[in-house]
2 protein chains.
Amino acid sequence: MDDKYAAIRLQNQLCFPLYACSKEIVRRYKPYLDELDLTYTQYIAMMVLWEKKEVTVKELGEALYLDSGTLTPLLKKLESKGYLTRARMESDERNLRVTLTKEGEAVQEKALGIPEKMNCCVKLDSEDAKELYRILYKILNCMS
Amino acid sequence: MDDKYAAIRLQNQLCFPLYACSKEIVRRYKPYLDELDLTYTQYIAMMVLWEKKEVTVKELGEALYLDSGTLTPLLKKLESKGYLTRARMESDERNLRVTLTKEGEAVQEKALGIPEKMNCCVKLDSEDAKELYRILYKILNCMS
DNA sequence: TATAAACAAATTGTGTACAATTTAATTGAG
DNA sequence: CTCAATTAAATTGTACACAATTTGTTTATA
């Protein structure tokens, strides 16, 4: 009996289905996000901007659990698409002010249909969805 | 009332906490995996090999939800560490046989302590853990 | 008030991820 | 039998992701 190794068997991991599920769902977003010329990471960055209109890289990183190494090139790409502007803050030049543009705001309208389209390809009853949401934020909150 | 945009607000997404949670937990693995000179992806690939001893790239990809574009360089790295060997199968040369070595098997002993160390930094009661596991596999199964 | 500590972004380097294409081997329909 | 279709890996190109370091600015203290 090699029960000794049970804890390091793939099917006994909790992180693995989390990792696989995340990747697979993000992959399912691609066809819909392609229509908006956004990647998934760019999409969630835009979500923060749609809500806040203006953020620093630090605030964005805290909201998305991403660091400047990921965000700097991503924000430069979104800037080149015309969806946002980047400028140092006059009050404290260490901070970069990221501001949503009219063009960036317009993309929000095109994004409105995405959640429903995703529901079709994921299919999870609302009871499980609520439970999943609750547990995931419980983990996130206890880790940060 | 901008309730019109409720569905595309970050806090109403289910995929985002999944994506963030996955990344954060994988990041917590790093210090422990560094001791084994493995990344998280290399670790789960080794888990499959510890169990199966021998797989093709296709089988490994199906188990891990990864394609050859990710696995080819990853397996070459694990080969260079001496943890596995790579060779075309004589029965069908399209397939690559990936075989666990003695050195690769030995790493399993060093990995035994990881799950417990991870429990300390994640903290989820077994009820929630079971629920999370159930829901994640429900999603994975209905997507593949 | 120098200047060391702290801070925010940017940069560098390594390692995934994955779509799309290519290469090489095998299979199957005519 | 033969060549088109299929299949498995590898390759190519783009985009994260993050640790570690660097750059430039601000703050705090000796």
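Each chain gets a letter, A, B and so on, in the order the sequences are listed, and its residues count up from 1. As the structure is a computational prediction, the values presented were derived from the model and not from experiment. Hydrogens, waters and symmetry mates are skipped; everything else that's a heavy atom, side chains included, is used.
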Using the side-chain heavy atoms of [X], tell me which of these nucleotides is nearest: [options].
{"X": "Arg94(A)", "options": "dT7(D), dT25(D), dA9(C)", "answer": "dT25(D)"}
{"X": "Arg86(B)", "options": "dA8(D), dA10(D), dT27(D)", "answer": "dA10(D)"}
{"X": "Thr56(B)", "options": "dC18(C), dA9(D), dT26(C)", "answer": "dA9(D)"}
{"X": "Arg88(A)", "options": "dA9(C), dT26(C), dA15(D)", "answer": "dA9(C)"}
{"X": "Lys58(A)", "options": "dA8(C), dG15(C), dC18(D)", "answer": "dA8(C)"}
{"X": "Gln42(A)", "options": "dT16(C), dC16(D), dA25(C)", "answer": "dC16(D)"}
{"X": "Asp67(B)", "options": "dT11(D), dC18(C), dG15(C)", "answer": "dC18(C)"}
{"X": "Thr39(A)", "options": "dT25(D), dA10(D), dA15(D)", "answer": "dA15(D)"}
{"X": "Thr72(A)", "options": "dA9(C), dT25(D), dT26(C)", "answer": "dA9(C)"}

[X] [atom1] to [N] [atom2], straight-line distance once rounded to whole Å:
{"X": "Ile25(A)", "N": "dA17(C)", "atom1": "CD1", "atom2": "C1'", "value": "16 Å"}
{"X": "Arg97(B)", "N": "dA8(D)", "atom1": "CZ", "atom2": "C1'", "value": "15 Å"}
{"X": "Glu79(A)", "N": "dA9(C)", "atom1": "CD", "atom2": "P", "value": "15 Å"}
{"X": "Tyr40(B)", "N": "dA19(D)", "atom1": "OH", "atom2": "P", "value": "16 Å"}
{"X": "Leu60(B)", "N": "dT16(C)", "atom1": "CG", "atom2": "P", "value": "12 Å"}
{"X": "Lys81(B)", "N": "dG15(C)", "atom1": "NZ", "atom2": "P", "value": "7 Å"}
{"X": "Tyr19(B)", "N": "dA17(D)", "atom1": "OH", "atom2": "P", "value": "3 Å"}
{"X": "Glu90(B)", "N": "dA25(C)", "atom1": "CD", "atom2": "P", "value": "15 Å"}

Answer yes or no: does a side-chain N or O of [X] lie under 4.0 Å from OP1 or OP2 of [N]?
{"X": "Lys77(A)", "N": "dT14(D)", "answer": "no"}
{"X": "Asn95(A)", "N": "dA9(C)", "answer": "yes"}
{"X": "Lys23(A)", "N": "dA17(C)", "answer": "no"}

Using modelled atom types only, decide if a donor and an acceptor are shared between the side chain of [X] and the backbone of [Y] within a distance under 3.5 Å.
{"X": "Lys23(B)", "Y": "Tyr65(A)", "value": "yes"}
{"X": "Asp67(A)", "Y": "Thr70(A)", "value": "yes"}
{"X": "Ser68(B)", "Y": "Leu71(B)", "value": "no"}
{"X": "Thr56(A)", "Y": "Leu96(A)", "value": "no"}
{"X": "Glu105(A)", "Y": "Tyr83(A)", "value": "no"}

Using a 4.0 Å heavy-atom cut-off across all strands, classify [X] as base, sugar-phosphate, or nothing.
{"X": "Leu66(B)", "answer": "sugar-phosphate"}
{"X": "Thr41(B)", "answer": "sugar-phosphate"}
{"X": "Leu74(B)", "answer": "sugar-phosphate"}
{"X": "Ser68(A)", "answer": "base"}

- prompt: Quick one: on DNA chain D, does Arg27(B) or Leu96(B) contact a more 5' nucleotide (nearest heavy atom)?
  reply: Leu96(B)
query: Gly69(A) or Met89(A): which one's nearest nucleotide on DNA chain D is closer to the 5' end?
result: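 In this pair, the answer is Gly69(A).
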query: What ring-ring contact (aromatic ring centres under 6.0 Å, His included) pairs are there with at least one residue in residues 108-144 of chain B, not counting sequence neighbours?
result: Tyr133(B)-Tyr137(B)
